[in-house]
Structures are given as structure tokens and as C-alpha cells.
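As a basis for the values below, the full set of heavy atoms in this structure was taken, side chains included, without hydrogen atoms, waters or symmetry mates. Quick note: residue numbers are just sequence positions, from 1.
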Amino acid sequence: MSQSTFTDRLRALPRPDRMLLTFFVCAALLALTLGVVFGAATAAARAGFVGIDPFHGYRLMSQHGVSIFFYWLYFAQAGLLLAFAASHAAGAARLHWRGVAWAGLALMATGFGSSMAGTLTGMPLLYDAPPDLAAAGGVPPAAFYTGYLLLGVGLFCVAAAAVATSLAPRSAGAAEELSAVSFAAIAWSGLLMVSAVAGVNAFLPAMRWALGWGPLPAGYSTSWHVLFHNMHYLPLMATVLVWYVLVKVLTGVESIYGARFAKIVFSTYLVFVPPTSLYHMFLEPGLAEPARVIGSLLSLFISVPTVLVFLVIVASLETRARAHGARGLFGWVRELPWRNPAMSAIGVAVVNLAAGGALSFVLIQGKLAPLLSDTFFVPGYFHFLTVGTVTLTFLAAFCYVVPALSGRPLWRPGFLAALPWIVTGGLALFGAAGVVAGYLGVPRRMLDVSFGGAAPHVWLTLMTIMGSGAAIMALSLLAWIFVLVRALLPGTPRAAVVVPPTVDWSGASVGRTRAWVGPLSVLTLVATMTLFTVLAFEMMQALPLAATGGGGH
């Protein structure tokens, strides 16, 4: 597939297919906008910039988590999954089982409305919605759980349509084997289906209880942990697949190890992700000690698939660049098309993934999880992954998908290329302040941490820095959303689609060219993980009180 074929094939999709993908993009951007606004308001309240009473503050916190973690990430994934399945299948580009995909969109959109209605009325349930917090049940929590159920069923429909689209050319004899991207799309769809089933398993008993049709779910916490684990890592699988596709678009480079090895690497998500969910249950008081030991050991393998894909991409880029004359250890990095918004976003996403990944290994250790899980360490590290890695990567993909679907150019691509760096600047303030605050014991889900003036002054200082970083992140993301929405609006002039700068490193023989940056990056990641872990132990031991968590991540 040539560098331009991805967008060319999206433009060539039948009009109903392009309309379906456009609706997915619009739904994703709406969810992201709401999530950013609610998140910025919550951060401002925590920083003391605005005064919000606790009840409405928790409502904002719930709306933020629901909009971002459930609906933005999964509307975006659904749209990109269908786009990749259609554009990388052999033969004429089109979606199969289109009606099933439309049904999936309708179910997900209805679920979004139902979940948001549940957050606007009744008791704020936060994004994990434990039934105990809903107290007596009733219509608001039932609407909340119903929304999640509709989201799961809708995702199952979308995944089924993506599988049908990816397999159709081979079934019709138009292709002898699946491309690496088509294979990855099927694996991605499989994990989406597993998550959908896990969602029904978690939320159907809760919905029945809220409506008075069944008892209070006894195993809700365990069911939530299983679902949450999949929802953690599905976006990461989607992220590395977006990298794989966009690197081809940006540089012409595919895996130097061939499609078969790429398929093996993508299949490792199916091997490593499902069995490693035990570490989410470290806070459960009844978890047996052998299970804690096994969970700690399995947690060491959770990053294997993502690191493997990263190594394949970086090694392929480095060897191809050197074959085209790049010199020095990092000389090839400077020659990447950094003025392209997608390249800019992917570059900072890799850095943010390293930071978030290193910090996540601190949290998933059995001895530290009870100390840190109910502190601000969790949102501090987690935003490096949800915002700095996954969100920036999905927005990078939209920089190509939106113009291809609408036929309208992106406004000021040079400005857009600077936004990932500004977002990351705000994220660095937010994340660093949040992680240090967590090490110092700042509670995670309390809007006012001053404790009537009894809290350490450094807590308030750190929350001020956190709130400032959140404001920078929010304004930058809203600016990016504006650029994408502008390209979707019918009133925007239909000029020729601006093609951002790229490079062409395809074709040259790599011979025995060596690639060092990938392995050095992994060694740096391991060293950083060790540093953060040692620092966590030292700082937590210095606290006057030992805290224990409860309620999970």
C-alpha cells in the first residue's frame, strides 16, 4: 500500500460508508469535548480556582470519567477500526455488514445519552459506578448502567462488521492472505468483543438491581476489575496499530521483519492481556497471598506487546532512514516530518507512553498498590496514557481521516503541529504535580484537600500546579477539536486537501544496517521504572501514617 493509498481508499468509500465513519468521528469529538470541559472544571475545583460544592463536584468528576474513558475512547476506536478494516482489505474499499455497523453506532449513541442522563440525576456514581454508592437504586443508576450495556452491545456489532470487512476479500478469493493491518483489526475486534461481554457481565446484574429486579450484585468489584483491565489495554492496542498505519503514511516504511512477524506481534495482545488482570485486585481484602504473588509476576508481562510493536516500528524506521543516508545515533529522528501534525502527535505520544508506563509499574506492585491507589498518583500517571498517548494518537489519525471523509482541508496545519507539544507541556505539569502529590499522600477523589487549613502547604501548592497544567491541556485539546470540526462543517470551502509534509524512506535495501535506538529506549524505560519504584518506597515510608487503599483503580 503506497503512502497515499490509505486516504485515497477512504475517499473512495461509498457515500453511506463515509457518512457512517463521519458520524463516529463526530460522536467521538463530542464525547471528548464534554470530557475535556468537565475534567477542566474538576481540576479547577481541586486547585481552588473555583468553588464547587462537593455534590456537584463529584457529578462533574463522574461526567468527566464517563465521557472520556468510556465514550471518547470507544467511539474513536470504533470509527478507526472500521476505517482501517475497509481501507486495508484487498479489492474495492467498502464496509461489509454496514447495517450491523450502523446499529452499533445507534446503540453506542443511545448508551452515551443514557449514561450522561444517569450522571445528571441522582447520586453521582463516578465512572466505575459501584452499586453500594447508588444506595437505594432507582431510575438514575439504572439509566447509567443501561448506557454501559448499550455501549457494550454496540461495540460488539461494530467489531463484527470489522471482522466481516477484513475477511470478505479472502472469503471471495480476492486475496490469498490477510495483510498485517487486517489481521490486527481482527485481533482488535476480538478484544472488543471480549470487553463487550465483560461489560454485560458487570453491568447487567447492577441494572437489574437498580430496577428492583434482582439482588445487590455480590461480585460487582471482581467483574469491574476484569472489564477495567481490558478497557485499560484495548486503547493501547489501538494506539500502536495507529502508529503502524500512520508511519507508513508519513514515511513509506513498513515492518522490515515482514507481515508475518507483524501478525505474530499483534497477536501477543491476545496472549498477554487477558491473563494479567489479577493486579487490579490487589486491594481486595480477600485475595489470597498466592494470587497476589502470581498477579505481581504476571504484571511484569503486561507491557510486552506494546514494547514489541514499538521495537518493530522504531527498528524499521531507523534502518530505512540509515539506508537513505541518515547519520549519527539520533540523526534519523531529526529527519522525520515533524511539521506534520500526525508525526508531531505520535512523537510526543511515544514519550508520554514511556513516562506513563514507567509510573504504572510502580502502581501494579503488590506492596505499593495499597499505599498509592487512593492517592492522586493515579490520575497523575494515568493522564500520561489516556491524554498524552492514546488521545493524541487518535487525534493524529483523525488528521488524515477527517480530510479524507469530508474533502475539506485542515485549518493551519502548522498550528496544529504545535498543539501536541503544548498539550504535553500542560500534561507534564499536571502529571508531575499529581505523582508527587500521590507520593506525599494527597487523596485521589477529594475535591478539597485543605482539611480546613490542617493539610501541609505543599499539598495546596501541588494542586495549584496540577490545575494550571489541566487548563493548558484543556485549551490545547479544545483548539485541536475546533480544527477538526471546522474541516467537517459543510460551510468550510472545499479546497484541495492540504497534504502535510512527509518523507519517503521506502525502497532502499537495509542490508546489515544496525538499529540501536529501540533497545536503548527499552533500557532507559527499565531504568526509569526502577528509579520511580525506589523513589516511591522511600517517600511512602517517610509518611507519618500508612494508608491502605480500597476500591480499585
Side-chain angles (χ1 to χ4, degrees), residues 1-25 76-105 154-194 196 234 237-238 240-250 252-270 309 312-313 316 397 400-401 404-405 506:
M1 181 175 288
S2 69
Q3 285 179 254
S4 61
T5 300
F6 170 58
T7 49
D8 289 343
R9 288 172 70 86
L10 285 180
R11 293 189 195 103
L13 287 173
R15 188 172 182 273
D17 292 350
R18 286 186 282 111
M19 185 179 299
L20 172 64
L21 295 179
T22 300
F23 274 117
F24 269 115
V25 171
Q77 283 187 75
L80 291 174
L81 173 61
L82 292 174
F84 288 168
S87 63
H88 286 78
R94 72 180 184 90
L95 289 172
H96 293 259
W97 292 15
R98 182 191 299 149
V100 176
W102 274 104
L105 172 63
L155 283 173
F156 196 98
C157 292
V158 171
V163 171
T165 300
S166 299
L167 290 177
R170 189 171 184 184
S171 301
E176 293 184 2
E177 63 177 357
L178 295 171
S179 68
V181 175
S182 294
F183 179 89
I186 292 173
W188 182 5
S189 299
L191 281 178
L192 276 174
M193 291 177 174
V194 170
L234 260 171
M237 182 180 185
V240 296
L241 181 56
V242 170
W243 292 354
Y244 190 88
V245 171
L246 289 187
V247 162
K248 170 67 175 175
V249 174
L250 292 164
V253 173
E254 291 182 293
S255 171
I256 60 172
Y257 303 105
R260 178 168 303 208
F261 184 75
K263 293 176 186 179
I264 293 173
V265 171
F266 283 119
S267 69
T268 58
Y269 276 93
L270 302 175
V309 179
V312 167
I313 292 173
S316 301
Y400 278 91
V401 171
L405 295 176
S506 61

Residues Leu250, Tyr400; criterion side chain to side chain contact (heavy atoms under 4.5 Å, CB included); working and verdict: CA-CA 11 Å; Leu250 292 164; Tyr400 278 91; 3.6 Å; yes
Spacing of Leu155 atom CG and Leu191 atom CG [to the nearest 0.5 Å]: 12.0 Å
Nearest-0.5 Å distance, OG of residue Ser166 to CZ of residue Phe84: 11.5 Å
Interatomic distance, Arg15 atom CZ to Thr22 atom OG1 [nearest 0.5 angstrom]: 9.5 Å
Over 12 foreign heavy atoms within 6.0 Å of CH2, Trp102: yes
Gap between atom CE of Met19 and atom CG of Leu105 - 0.5 Å precision: 12.0 Å
Gap separating the CZ atom of Arg94 from the OG1 atom of Thr165, nearest 0.5 angstrom: 8.0 Å
Phe6 backbone acceptor or donor facing Lys248 side chain under 3.5 Å: no
Residue pair Arg9 / Ser87: nearest heavy atoms and the distance that separates them: NE-O, 2.6 Å
Taking every non-hydrogen atom, the tightest pair across Ala184 and Met237: O-CE, 3.8 Å
Heavy-atom closest contact (Leu13 atom, Ala86 atom, distance): CD2-CB, 3.8 Å
Main-chain N/O of Leu95 paired with Asp17 side-chain donor or acceptor, under 3.5 Å: yes
Side chain to side chain, Leu178 and Leu167, heavy atoms closer than 4.5 Å: yes
Those residues that, when tested against Ala76, pass side-chain contact (heavy atoms from CB on, under 4.5 Å) (two or more places apart): Ala28, Trp72, Phe394, Phe398
Atom of Val253, atom of Val247 and distance for their closest heavy-atom approach: O-CG1, 3.8 Å
Minimum-distance pair of heavy atoms, taken over all atoms of Leu10 and Ala404: CB-CB, 3.9 Å
Note, Phe24 side chain near Leu80 side chain (heavy atom, < 4.5 Å): no
Identified ring pair (Phe, Tyr, Trp, His ring centres under 6.0 Å) counterpart of Phe266 within the set Trp188, Phe183, Tyr244: Tyr244
Non-hydrogen atoms of Gly104 and Val158 that approach each other most closely: CA-CG2, 4.1 Å
